[in-house]
Amino acid sequence: MLKGKTVILGVSGGIAAYKAAALASALKQGGAEVYVLMTEHAKEFIGPATFEGLTGHRVISDTFRSEEFLIPHIRLAAMADLFLVAPATANIIAKLSAGIADDMLTSTFIAATCPKLVVPAMNVNMYENPATQDNLDRLRQRGIVVLEPAVGHLAEGSVARGKMPEPSVLYRMAEYMIGCNKDLAGKKILITAGPTREPLDPVRYLTNRSTGKMGYALAKAAAMRGAETVLVSGPVHDAGDGVDNALLTGGGGNASDSVLLPAGVKRVPVQTAAEMAEAVKKESRDADCVIMAAAVADFRPLRQEPEKIKKAKLKQETDPETGVRGYSLSLERTEDILAWLGAHRQPGQKLAGFSMETENLLENSRRKLVEKQVDLIAANSLKKAGAGFGTDTNIVTLIRQEGERELPLLSKEETAQEILNELFAETE
Ligand code: CTP
């Protein structure tokens with residue numbers, strides 16, 4: 001996602017400097033050219049050789065000595081698509097805020113006109129000091145993105161705010177800032193994801209195998225393309241790395257059924273189909289587009305018992321066809337949220353849904369397009385290898401009134417981009 005982009009990573013002298021190595025590596029693996037600028041103090045915490053090995057470029061600290069560039073601060077500043085300072089100490093923040101340019105990092109920062117991201121990491125008292133807060137406010141006023149540090153174990157042994165967010169979080173932030181053209185800026189896109197849980201009693205519930213991956217990929221694509229993105233999410237396995245940030249939560253982890261909340265996405269967590277319906281009705285009022293990727297439970301238990309159902313108290317019945325004795329569960333339909341959206345469409349609003357079938361995929365999906373009065377149904381067969389629940393790939397046919405387009409086996413992120421392209425084709 002960062003292919004062809006040049007990222008400058010400024011590293012200042014804090015204990016979190018070691019994490020900047022993992023960040024440099026992630027940026028490089030994401031396709032970016034990465035140039036690391038270190039302050040002299042940063043070298044007390046980590047050696048330049050680590051960054052040089054990871055990025056393939058010499059670390060520059062001295063404005064007057066570079067093997068790669070003549071007038072390195074001006075040259076690098078002109079090349080940069082993103083300038084990231086991580087970790088940013090109280091001292092470097094003060095310098096950047098005051099416009100001091102007394103080393104390679106600060107000189108390049110002031111010369112660069114690209115988007116900038118500053119990631120403070122320090123002792124909580126240093127962070128909360130009014131001087132630091134004033135300096136950060138000044139940076140924000142100039143359009144520089146400042147990340148709130150996470151709460152966690154700090155070097156001095158206490159648990160407090162001041163920890164640098166995990167490299168995976170910073171990587172996603174970089175992707176969000178420069179990974180895509182902002183062709184959907186000014187639009188609000190509402191996406192639903194994950195399963196719903198329909199309780200039987202306080203202990204048990206009915207649900208399905210959705211992991212939320214497709215919906216989260218759609219939210220990521222929409223946010224990266226500049227849309228105001230709201231994600232109404234059923235219960236998913238969040239790999240979260242405990243980042244308490246208005247813009248960023250989640251991250252890290254590698255469990256195959258887990259998802260990461262993308263940067264720039266507002267998440268509205270829900271449990272049941274009824275809660276999802278309520279959240280969607282509220283958020284869709286001013287949405288330019290709604291994409292229902294959630295696997296909403298079609299049925300819920302007719303009765304939700306306030307106390308745990310005891311098996312000894314359940315009545316057995318005899319199945320009239322088979323004669324087998326067993327237990328039965330009474331269900332009722334949940335509201336079809338997508339059909340409701342189709343019937344209450346706001347002027348100009350685009351609506352899309354998914355259809356997952358094991359047989360008669362196209363026929364059933366075409367019927368849903370008409371019945372639910374939507375613009376697009378993304379149809380995927382559960383029987384195709386590489387498609388369906390929990391996978392990172394999908395094989396989807398995009399069905400519209402005007403025609404159909406079968407996509408090849410793509411990652412869910414690529415599939416998400418194609419769905420947005422299809423929906424917003426005329427505005428591109
Ligand atoms: N959907 C919804 N509300 C529901 C159920 C589904 O909004 N209560 C949405 C899903 O998010 C998805 C689309 O409708 O976008 C799927 O349609 P649906 O008819 O529920 O699909 P299936 O469950 O596959 O249909 P069927 O029961 O006919 O197999």
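For ligands, and for the atoms within them, numbers begin at 1 and follow the listed sequence.
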Polar contacts were defined as any N/O atom of the residue lying under 3.5 Å from an N/O atom of the ligand; does this apply to [X] and ligand 1?
{"X": "V296", "answer": "no"}
{"X": "S355", "answer": "no"}
{"X": "I337", "answer": "yes"}
{"X": "E335", "answer": "yes"}
{"X": "K368", "answer": "yes"}

Just to confirm my output: which protein heavy-atom neighbour is closest to [atom], and how far is it?
{"atom": "atom 29 (O) of ligand 1", "value": "E357 OE2, 4.0 Å"}
{"atom": "atom 23 (O) of ligand 1", "value": "D298 OD2, 3.1 Å"}
{"atom": "atom 13 (C) of ligand 1", "value": "F354 O, 3.1 Å"}
{"atom": "atom 19 (O) of ligand 1", "value": "K372 NZ, 3.0 Å"}
{"atom": "atom 7 (O) of ligand 1", "value": "L338 N, 2.8 Å"}

Handout entry: Minimum heavy-atom distance between L154 and K163, given as atom pair plus value
Key = CD2-N, 3.5 Å

Problem - Donor-acceptor side-chain pairing of T318 and R325 below 3.5 angstrom - result: yes

Problem - Check: T322 side chain, V324 main-chain N or O, donor-acceptor pair, under 3.5 Å - result: yes

Problem - Cation-aromatic face contact R333/F299, 6.0 Å, 45 degrees - result: yes

Provide the number and element of each atom of ligand 1 under 4.0 Å from a heavy atom of [X].
{"X": "G353", "answer": "15 (O)"}
{"X": "M356", "answer": "24 (O)"}
{"X": "T334", "answer": "8 (N)"}

In terms of heavy-atom contacts, does [atom1] of [X] have more than 12 from other residues, nucleotides or ligands at under 6.0 Å?
{"X": "R75", "atom1": "CZ", "value": "no"}
{"X": "E321", "atom1": "CD", "value": "no"}
{"X": "D319", "atom1": "CG", "value": "yes"}
{"X": "K311", "atom1": "NZ", "value": "no"}

Problem - Per-residue contact class, L341 against ligand 1 - non-hydrogen pairs under 4.0 Å - result: neither

Practice task
Assess the pair F109 and F83: is the distance between their ring centroids shorter than 6.0 Å?
Solution key: yes

Exercise for the section: Measure the distances from the heavy atoms of E371 to every atom of ligand 1 and state whether one is below 4.0 angstrom. Expected result: no

Practice task
Give a yes/no on ligand 1: does A294 have at least one heavy atom closer than 4.0 angstrom to it?
Solution key: yes

Exercise for the section: Begin with the C-alpha distance, continue with both residues' side-chain angles, and end with the deciding distance and a verdict on salt bridge (charged side-chain N to carboxylate O under 4.0 Å, His left out) for R345 and D375. Expected result: CA-CA 11 Å; R345 190 195 287 258; D375 303 294; 2.8 Å; yes

